[in-house]
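Bear in mind the structure is a predicted one, so any value in this text is a computation, not a measurement. The chains referred to below are lettered A, B, ... by the order of the sequence lines, with proteins before strands, and numbering in each begins at 1.
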Amino acid sequence: MDRDSGTPRSVAEAMAVQEELRSRVDLVGPGPAEPATVAGLDVAYAESGDLLAAAVTVLDARTLAVVDEAVGVGRPAFGYVPGLFAFRELPALLAALDRLSTRPDLLVCDGHGLAHPRRFGLACHLGVVTGLPAIGVGKTPLIGEWTPPGELRGAWSELRDGDEVVGRVVRTRDGVKPVFVSVGHRMSLDNATAQVLALTPRHRLPETTRAADRRSRDALARASSARDDLGEDRGQGGVGGRR
DNA sequence: GCGACAG
DNA sequence: ATCTTGTCGC
């Protein structure tokens, strides 16, 4: 693999990396009951598909106000392959995390954790690499069987892969489509569910994710125009910084 | 072999 | 992910 970014050079290699790293996932830690800060991570892509912007926003868990943020711009590091999705965004997300001036108590990722074919989705990967508690919140399922949870906010049902419970289908708002919550690292499924509900007082998706989504689109727009101004570079990316 | 398939 | 118009509802 590429020594600098740690990005695999083939699908087979990427799968091997996941098989190797998954043993490092902490499935015991219940995680913080009352995190002081929670980080949201998201990535925006340019239509051209050769540019992406990752954003990390740190929110005060109690007020949900943004207290820190950082972005990382670059090119997708890997093709889009369901199950290997993390390798695409990981370099940019880690760059953004590095530029943070705060150390968040919890990572809320846009994608799955254990609800993954090899039990090592993006949330697990980010948790293992950073050592931070992490959970995954997906908008659509990747694997597993489930039945719709009750219609009211707070209702949930199990997301299972055969006999294994790999996550929960959680209704974050009355009557809206549910989200798929799974453990990433150092968190219990109960706590992950509680944290997601605490982050969704008014919308379907966590405030952390919404904040990161805005920042990433924002950074992408700025990066696109900056690139145009320079007359279509063919750089490998690496732009970005704190705000 | 035929679909399904996080973002 | 991104491309897209209007529309129903708080």
Side-chain angles (χ1 to χ4, degrees), chain A residues 7-8 11 14-15 17-18 21-22 25 40-57 71-94 96 107-128 134-146 151-153 159-162 166-170 172-185 192 196 200-206 208-221 223-224 237:
Chain A
T7 298
V11 166
M15 292 177 73
V17 170
Q18 293 183 325
L21 290 181
R22 72 171 179 181
V25 174
L41 304 86
D42 194 23
V43 175
Y45 293 82
E47 47 204 293
S48 39
D50 61 349
L51 186 67
L52 98 199
V56 181
T57 55
V71 301
V73 178
R75 310 189 61 161
F78 202 83
Y80 173 62
V81 182
L84 299 179
F85 167 64
F87 295 104
R88 210 170 155 66
E89 312 187 332
L90 213 53
L93 285 170
L94 292 178
L107 260 32
V108 176
C109 311
D110 190 36
H112 300 104
L114 294 178
H116 174 279
R118 285 169 296 285
R119 305 291 181 272
F120 197 71
L122 176 65
C124 299
H125 209 138
L126 279 166
V128 164
I135 65 179
V137 180
K139 295 181 285 294
T140 62
L142 171 60
I143 61 158
E145 306 90 47
W146 52 284
E151 289 298 313
L152 300 185
R153 163 179 159 80
L159 175 61
R160 48 174 54 220
D161 190 13
V166 297
R168 282 180 187 169
V169 185
V170 181
T172 54
R173 299 300 298 165
D174 293 359
V176 303
K177 197 206 299 186
V179 296
F180 300 77
V181 178
S182 59
V183 167
H185 185 58
V196 168
T200 50
R202 47 188 305 189
H203 295 287
R204 175 192 177 221
L205 297 179
T208 38
T209 301
R210 290 168 54 80
D213 179 78
R214 280 195 196 72
R215 303 311 189 285
S216 64
R217 293 186 191 231
D218 211 70
L220 179 65
S224 298

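- If you check every strand for non-hydrogen atoms under 4.0 Å, A:Arg217 touches sugar and phosphate atoms only.
- Annotation: side chain of A:Pro76 is in contact with side chain of A:Leu52 (closest heavy-atom distance under 4.5 Å).
- Salt bridge A:Arg210/A:Asp42: absent, no basic N to carboxylate O contact under 4.0 Å.
- A tilted orientation is assigned to the rings of A:Phe78 and A:Phe87, their planes being inclined by 30° to 60°.
- Under the 30°/60° scheme for interplanar angles, the aromatic rings of A:Phe180 and A:His112 are found to stand perpendicular.
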At a cut-off of 3.5 Å, list every protein nitrogen or oxygen paired with a nitrogen or oxygen from nucleotides 3-7 of chain B, distance to 0.1 Å.
residue	atom	partner	partner atom	Å
B:dA6	OP2	A:Tyr80	OH	2.3
B:dA6	O4'	A:His112	ND1	3.4
B:dA6	N7	A:Gly83	N	3.1
B:dA6	N6	A:Gly83	O	3.1
B:dA6	N6	A:Phe85	N	3.4
B:dA6	N6	A:His116	NE2	3.4
B:dA6	N1	A:Leu122	N	3.1
B:dA6	N3	A:His112	N	3.1
B:dG7	OP1	A:Lys139	N	2.9
B:dG7	OP2	A:Thr140	OG1	2.9
B:dG7	O3'	A:Asp110	OD2	3.0
B:dG7	N7	A:Tyr80	OH	3.2

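- Nearest heavy-atom pair across A:Ala46 and A:Leu220 is N-CD2, 3.6 Å.
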